Amino acid sequence: MKIEKPQSWPQTVEEATAIQEELRGQVIVKDDLPQVRYVAGVDAGYQEQEQQTQAAVVVLSFPDLQLCDQAIARCPTQFPYIPGFLSFREVPAVLEALEQLTILPDLLLCDGQGLAHPRRFGIACHLGVLTNLPAIGVAKSRFIGTHEVLPPERGSWQPLLDQGETVGAVLRSRSHVNPLYISIGHRISLPTALDYVLRCTPQYRLPETTRMSDRLASS
DNA sequence: GCGACAG
DNA sequence: ATCTTGTCGC
């Protein structure tokens, strides 16, 4: 797919913050997606003591979740890991990988938060806005926000609150297993996002998209 | 000032 | 994220 990549990437937290505050205004928080036929999973891994970032993207058919396309890209890691700025180290490589895709995905499942971010602009929002694709943030652990106790059954969920605002949801994707932290990335509502995440998670704790891109990224 | 802190 | 084997529990 064709992507309009930024001309340059920030070198400081101040520059990165400015970019987040500028782009967050472009996030669409309501459903604005086509019929979903292909779902993509994106993830990144690191090699050579984090000097190299390798991104992987897989495209699965939906709802049957069969692998249809995949791509890998590697580039020098160009931003340190600082909570709140994860996207600046992963997005450059992920965009390179997405460009190689033959199949245009209808929805992106990202490893990390979307709106559940201090400035409401986690990696799922960042990727969604830069690609203009509907995107969901699927994180394995909490970053910000609080929530009520969650029933142990698959499918149960609770809103994730931060400063009186619903920034996402905590979702039990498998009974009696640690929940997932779901938030809006771009062009999708929270209820719809929860539905897609569950439909992409037929067996394990993590969506098939995430499992497959994880495996590819760290190889 | 003291913790917390996506991947 | 990454370093890493066997082991505990549903």
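Here the structure is a predicted model, which is why all the values come from computation and not from measurement. Lettering follows sequence order; numbering is per chain, from 1.
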Remember a base hit wins even if backbone is also touched, and classify [X] as base, sugar-phosphate or nothing at under 4.0 Å, heavy atoms.
{"X": "A:Gly122", "result": "base"}
{"X": "A:Ile123", "result": "base"}
{"X": "A:Tyr81", "result": "base"}
{"X": "A:Gly84", "result": "base"}
{"X": "A:His176", "result": "nothing"}
{"X": "A:Glu50", "result": "base"}
{"X": "A:Arg142", "result": "sugar-phosphate"}
{"X": "A:Phe79", "result": "nothing"}

Treat each ILVMFWY residue as a node, draw an edge where side-chain heavy atoms are under 4.5 Å apart, and state whether [X] and [Y] are in one component.
{"X": "A:Tyr181", "Y": "A:Leu194", "value": "no"}
{"X": "A:Val170", "Y": "A:Val197", "value": "no"}
{"X": "A:Ile103", "Y": "A:Leu133", "value": "yes"}
{"X": "A:Leu198", "Y": "A:Leu160", "value": "no"}

Whole angstroms only, please: what is the CD-P distance between A:Glu48 and C:dC3?
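Between P of C:dC3 and CD of A:Glu48: 12 Å.
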Please give, in whole Å, the distance from C:dT2 C1' to A:Asp214 CG?
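About 13 Å, once rounded to whole Å.
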List the steps and the verdict of side chain to side chain donor-acceptor pair (under 3.5 Å) for A:Glu90 and A:Tyr46.
CA-CA 10 Å; A:Glu90 306 205 334; A:Tyr46 302 90; 2.9 Å; yes
Give me the first and last nucleotide of DNA chain B, going 5' to 3', that has any atom under 4.0 Å from a heavy atom of chain A.
B:dA4 to B:dG7
Assign the ring pair A:His117 / A:Phe143 to parallel, tilted or perpendicular, where the plane angle (0 to 90°) is split at 30° and 60°.
perpendicular
